[in-house]
Number of protein chains: 2
Amino acid sequence: MPAPAQTSTAAIVAAGRRLLEERGTDALIMRDVADAVGVRTPSLYKRVRNRSDLVRLILEDVTDELTAATDAAVRATDEATDETTAHSAAADLRALMAVYRGFAHTNPVAYTLLTSPQAVAGATERAERASATLLRLVAQVAGPHDALPAARTLVAWANGFITMELAGAFQLGGDVEQAWHFGMERVLTAIQREPRRHRPRQENAAPGLKDA
Amino acid sequence: MPAPAQTSTAAIVAAGRRLLEERGTDALIMRDVADAVGVRTPSLYKRVRNRSDLVRLILEDVTDELTAATDAAVRATDEATDETTAHSAAADLRALMAVYRGFAHTNPVAYTLLTSPQAVAGATERAERASATLLRLVAQVAGPHDALPAARTLVAWANGFITMELAGAFQLGGDVEQAWHFGMERVLTAIQREPRRHRPRQENAAPGLKDA
DNA sequence: GTCTATATTTCGATAGAC
DNA sequence: GTCTATCGAAATATAGAC
């Protein structure tokens with residue numbers, strides 16, 4: 001039996017992901033990945049097509065984990081309150097965003113890569129499911145008419161806050177944690193259905209929200 | 001007279017900035033900059049220390065222009081309304097953010113670089129002046145007590161919106177322009193002084209807001 | 001100050017033996 | 001499947017003549 005397998009695609013992806021977070025995107029080099037899994041560089045090319053392919057696989061892995069985490073957060077919150085109201089939807093959004101933020105703190109490099117302007121193609125399909133959940137919840141808070149701009153407002157705020165946080169852009173002191181909660185509550189209030197209008201409460205099925 | 005100057009630091013920075021926007025950060029190579037100003041690569045090193053130095057100079061140039069544009073926008077709005085009220089401060093903020101967004105649309109690569117997590121050091125000092133203006137205006141709208149978290153909420157939303165816009169992340173159709181105005185008005189309302197509290201109107205002098 | 005020429009470095013990717 | 005050996009492609013930066 002010549003040359004048994006000494007590594008696997010999963011091990012390569014895991015090592016690559018760890019190196020990505022430890023050293024940054026540009027510092028992810030094939031040589032180090034090979035060292036990490038205990039083989040020589042050329043052996044990697046039996047499992048991944050090239051470096052771009054490896055990055056794509058890493059981001060798919062990250063995205064799957066993020067989706068699972070946010071879904072779990074929403075399910076856990078829903079169990080605590082069995083009503084489906086604007087109030088519970090707001091609670092779901094708080095929980096979802098908190099998990100989202102926590103994930104970004106744990107995976108700052110991957111988060112930045114996922115939300116960067118030249119986002120790597122291919123890792124986007126799976127993100128649509130999580131986005132659908134978000135749009136559904138926002139529709140319950142903001143009403144179906146304003147659901148899309150309201151979701152964009154909330155997601156823009158959250159992404160912007162987290163990005164600035166990771167960039168170390170909050171340099172004036174103050175309590176960043178408090179600023180997150182301040183923003184969360186104010187934005188949630190801001191996107192609520194305007195009180196003067198009386199539309200029938202209607203739960204719209206939401207298409208995929210790539211926006212998130 | 002041997003070898004008269006054929007280029008200048010300003011020309012190199014201008015060419016570099018143009019190439020940066022046209023081709024992206026990574027594609028900014030010294031060879032192309034040299035071609036653009038009509039000299040050979042080694043001649044660049046008489047004016048700039050290295051590539052990082054050139055990028056730093058480019059971002060300083062961009063920051064100066066952005067600061068001038070936002071300052072001008074606020075001054076123009078103040079001329080139209082000579083009162084200094086929460087109402088006029090809100091108008092100033094709308095104008096400031098509109099100019100900020102327009103600048104990002106015109107200089108997407110530089111904007112991304114300025115707001116990216118691994119922000120290039122050195123181009124930050126000059127940004128503090130513009131931030132001071134923003135914090136002053138937000139204090140007039142939100143009240144001095146909540147000025148800092150309110151400013152962080154507004155800036156996070158704007159940065160997040162613009163970043164997603166530039167990334168092409170708004171893929172569900174709808175009117176992105178309307179979403180900007182929706183978010184702007186809702187966030188402005190959200191950060192307003194909460195009505196139940198009656199604090200004396202007091203204009204706090206604002207320290208530099210690197211946050212923006 | 002500008003040039004030609006080249007050193008240096010780094011890294012992705014492949015060929016072919018085992 | 002893994003290895004040794006090596007190619008090839010950038011790009012930065014410098015040396016030294018003019």
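What you see is a predicted model, and the numbers here were worked out from it, not measured in a lab. Numbered from 1 within each chain, the chains take letters A, B, ... in sequence-line order.
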- prompt: Asp26(A) CG to dG12(C) P: how many Å, rounded?
  reply: 11 Å
field: Touch class at under 4.0 angstrom, heavy-atom based, for Leu54(A) against every strand present
entry: nothing
query: Arg49(A) CZ to dT14(C) P: how many Å, rounded?
result: 10 Å
- request: In whole angstrom, give the distance that lies between atom CG of Leu28(A) and atom P of dT10(C).
  value: 17 Å
query: Given atom CG of Leu44(A) and atom P of dA13(C), what is their separation to the nearest angstrom?
result: 11 Å
- prompt: Starting at CZ of Arg31(A) and ending at C1' of dA13(C), how long is that distance when rounded to a whole Å?
  reply: 15 Å
Nearest-neighbour nucleotide for the Arg51(B) side chain, dA13(D), dG1(D), dA13(C) considered: dA13(D)
task: Indicate whether any N or O donor in one side chain lies under 3.5 Å from an N or O acceptor in the other, for Tyr100(A) and Asn159(A).
output: yes
message: Using whole Å, what does the distance between atom C1' of nucleotide dC11(C) and atom CG of Leu19(A) come to?
response: 15 Å
- request: I would like to know whether Phe161(A) and Phe182(A) meet ring-ring contact (aromatic ring centres under 6.0 Å, His included); could you show each step before the answer?
  value: CA-CA 12 Å; Phe161(A) 192 99; Phe182(A) 177 95; over 10 Å; no
message: As a test of reading the structure: which of dG1(C), dG12(C), dT12(D) is closest to the side chain of Arg47(B), going by heavy atoms?
response: dG1(C)
Leu54(A), Val33(A), Asn50(A), Thr9(A) screened by side chain to side chain contact (heavy atoms under 4.5 Å, CB included) with Leu44(A), the one that passes: Val33(A)
query: Is there a donor-acceptor contact under 3.5 Å from the side chain of Asn107(B) to the main chain of Ala110(B)?
result: no
Might you list the N or O atoms of the protein lying below 3.5 Å from N or O atoms in nucleotides 3-8 of chain D, with each pair's distance?
| unit_1 | atom_1 | unit_2 | atom_2 | d |
| --- | --- | --- | --- | --- |
| dC3(D) | OP2 | Arg40(A) | N | 2.6 |
| dC3(D) | OP2 | Ser43(A) | OG | 3.0 |
| dT4(D) | OP2 | Arg40(A) | NE | 3.0 |

field: Evaluation steps, side chain to side chain contact (heavy atoms under 4.5 Å, CB included), between Val109(A) and Leu113(A)
entry: CA-CA 6 Å; Val109(A) 176; Leu113(A) 214 53; 5.5 Å; no
message: Five pairs per end, C1' atoms only: what is the angle between the end axes of the helix from dG1(C)-dC18(D) to dC18(C)-dG1(D), to 10 degrees?
response: 10°
task: Mind calculating the distance between OH (Tyr45(A)) and P (dC11(C)) to the nearest angstrom?
output: 12 Å
field: Partner set under salt bridge (charged side-chain N to carboxylate O under 4.0 Å, His left out) for Asp71(B), not counting sequence neighbours
entry: none
message: Could you measure the distance from the CG atom of Leu59(A) to the CG atom of Leu66(A)? Nearest 0.5 Å is fine.
response: 11.5 Å
task: Indicate yes or no: at least one non-hydrogen side-chain atom of Thr163(A) is less than 4.5 angstrom from one of Thr112(A).
output: no
message: In whole Å, I'd like the distance from the CG atom of Asp32(A) to the C1' atom of dG12(C).
response: 13 Å
task: May I have the step-by-step check of side chain to side chain contact (heavy atoms under 4.5 Å, CB included) for Tyr45(B) and Met30(B), ending in yes or no?
output: CA-CA 9 Å; Tyr45(B) 292 86; Met30(B) 302 303 272; 3.6 Å; yes
